[in-house]
Protein chains: 2
Amino acid sequence: MKYADFLNMVDDSTRAVCRRVYAENKDTIKIKKEETAIKNLEKILGAVFDITYEKGFQAMSMRDLSRRSGLSMGAMYPYFRSKEELLGIILRQGRAMLKNVFEKFKTGSERPEDRLEKVIKAHIFLSERAKPWFYFMFMEAKNLSAGERKAILESEAYTEAVIVEILEAGERAGVFRKRRHVLTASIIKAMQQEWYLKRWKYARRKVTVDEYADYVINFVNSFCLVQNSDMEAN
Amino acid sequence: MKYADFLNMVDDSTRAVCRRVYAENKDTIKIKKEETAIKNLEKILGAVFDITYEKGFQAMSMRDLSRRSGLSMGAMYPYFRSKEELLGIILRQGRAMLKNVFEKFKTGSERPEDRLEKVIKAHIFLSERAKPWFYFMFMEAKNLSAGERKAILESEAYTEAVIVEILEAGERAGVFRKRRHVLTASIIKAMQQEWYLKRWKYARRKVTVDEYADYVINFVNSFCLVQNSDMEAN
DNA sequence: GTCTATACACAGATAGAC
DNA sequence: GTCTATCTGTGTATAGAC
């Protein structure tokens with residue numbers, strides 16, 4: 001699977017995501033006209049990601065956000081009751097995106113080595129497609145209320161458990177070596193995170209997401225596969 | 001090399017670090033008595049790390065810091081001119097710790113595979129010894145002034161370059177495979193970061209730093225070392 | 001050296017005109 | 001729906017007593 005294939009399988013365009021955000025928060029968003037709401041949500045969320053990437057969510061003032069989004073303070077607040085609620089909306093949506101993709105890609109193939117590759121790549125490709133969301137979720141996860149924090153941890157545990165399950169199935173099937181699968185899964189997640197946490201590095205070096213994903217798969221297979229026949233360099 | 005061996009080779013106890021912080025900032029710190037200064041620096045830095053781990057440096061108010069450190073506002077400010085300068089002092093010291101350890105461990109052994117192991121482990125062990133410093137440096141690196149930001153990037157590039165150099169030497173010596181060494185080095189760094197970014201996870205699972213470091217070395221060697229089957233094929 | 005009290009800028013949030 | 005003007009709390013930093 002290549003990134004181009006992935007894009008054909010999911011619709012996580014900015015517009016589509018904002019439409020979902022609107023639909024799922026209709027009770028708190030005070031704007032009635034859907035088109036207006038989606039258009040402004042795009043401006044607001046885009047501005048949040050830009051500013052947050054530069055200096056973090058805490059350091060972003062609502063005046064910063066107003067300036068960058070092109071909306072006045074009075075025009076923004078009908079979209080959320082408080083800055084903290086805005087944070088919650090973004091994190092909830094981000095988790096939902098990740099979970100949806102995992103549900104879609106964790107099944108289907110029969111061979112464990114194919115399932116592993118699909119799940120790892122799906123995560124990396126989604127983080128490429130929705131880079132600002134992933135960067136945001138990681139960086140702002142620490143500033144959360146108890147409830148939000150719990151949700152993040154559960155989301156982390158879930159994606160890790162999916163990988164562990166695949167590794168165990170592969171060991172039973174005799175294609176993966178006996179390892180400490182929980183540790184392996186953690187390290188795989190670290191490799192995936194690297195992609196969206198150090199976005200500037202790979203952009204500057206002109207490493208594509210397909211190259212990176214293939215490199216990770218190769219790295220993981222060297223360690224996990226029983227017969228180590230990765231003759232293909234890179 | 002085990003963590004216990006590492007601890008015998010470096011002195012990065014809280015006290016020793018605070019002594020160095022005082023020595024290197026004597027021009028801006030207004031306290032004359034060294035003992036008083038070091039004692040209070042320990043309180044201040046400890047409180048900064050505690051609060052920052054919970055909610056980030058930006059969200060930490062100076063009143064928070066005063067309460068947690070046990071010093072009044074008036075008693076803290078002689079140690080730094082502003083909150084931003086406090087940030088700078090911590091980051092500068094953290095970079096120096098990392099650089100010192102790298103300089104110490106990157107040479108010595110002759111065989112590239114031993115050098116690689118030593119450098120990887122030294123980084124992980126230092127991050128264990130000085131966990132709050134590393135977590136802090138990673139999480140707060142984004143909120144920096146231009147000068148500080150540049151220094152962080154150079155520090156990143158330096159540690160990566162050391163690893164790349166070892167991988168290249170190993171390839172020339174015929175012990176490491178031909179790979180995209182820059183990508184490998186990036187991924188190794190991601191594995192190292194995992195240890196101090198997800199400290200709670202490994203603490204809860206009772207994974208020791210020696211276990212983690214050995215697992216990483218094993219993972220990396222699977223990918224990098226020329227295998228017996230390869231040599232037979234040649 | 002360390003304290004308390006305070007200056008004053010800026011934060012998040014809202015009211016009310018249009 | 002969107003604007004400007006404004007309320008009120010909290011932030012960083014300092015002055016001056018002890």
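The residue among A:Asp64 and A:Gly74 whose nearest nucleotide of DNA chain C is located toward the 5' end is A:Asp64.
Residue A:Tyr79 has its side chain nearest to D:dT2 when only C:dA13, C:dT2, D:dT2 are considered. Distances from the side chain of A:Ala75 to the nucleotides D:dC3, C:dA13, D:dG1 place D:dC3 closest. Checked against C:dA13, D:dG1, D:dC3, the side chain of A:Tyr77 finds its nearest nucleotide in C:dA13. Closest to the side chain of B:Asn40, from the set D:dA13, D:dT2, C:dT2, is C:dT2. Taking every side-chain heavy atom of A:Ser61 into account, C:dA11 is the closest of D:dT12, C:dT2, C:dA11. Out of D:dA13, C:dT14, D:dT2, the shortest distance to the side chain of A:Met73 is found at C:dT14.
Contact annotation for A:Met60: backbone-only contact, meaning every heavy-atom pair under 4.0 Å involves sugar-phosphate atoms and none involves a base. Backbone-only engagement by B:Lys33 is indicated by non-hydrogen atom pairs under 4.0 Å involving sugar-phosphate atoms exclusively. As judged by a 4.0 angstrom heavy-atom cut-off over every strand, A:Ser72 is placed among the base-contacting residues.
Taking atom CZ on B:Arg67 and atom P on C:dT2, their separation rounds to 20 Å, with Å as the unit. When rounded to the nearest whole Å, the span between CG of A:Leu41 and P of D:dT2 equals 11 Å. The separation between B:Ile31 atom CD1 and C:dC3 atom P is 11 Å, rounded to whole Å. The distance between atom CD1 of A:Ile29 and atom P of D:dT2, rounded to the nearest whole Å, is 13 Å. If you take CD of B:Glu85 and C1' of D:dT12, they are 14 Å apart, rounded to a whole angstrom. Following rounding to the nearest Å, A:Met76 (CE) and C:dT14 (P) show an atom-to-atom distance of 12 Å. In this entry the distance linking CD of B:Glu35 with P of C:dT2 reads 13 Å, nearest Å. In this entry the distance linking CG of A:Leu71 with C1' of D:dT4 reads 15 Å, nearest Å.
Aromatic pair B:Tyr196/B:Tyr135: ring centres not closer than 6.0 Å. Within the 6.0 Å centre-distance limit, the rings of A:Tyr77 and A:Phe80 are counted as a close aromatic pair.
Residue-to-nucleotide contacts include no donor-acceptor pair under 3.5 Å from the side chain of B:Arg63 to the base of D:dT10.
A side-chain N or O of B:Trp195 and one of B:Glu128 form a donor-acceptor pair less than 3.5 Å apart.
In this structure, the separation between OH on A:Tyr79 and OG1 on A:Thr28 is 12.0 Å, given to the nearest 0.5 Å.
Between A:Phe134 and A:His123, the ring planes are tilted. Angles from 30° to 60° get that label.
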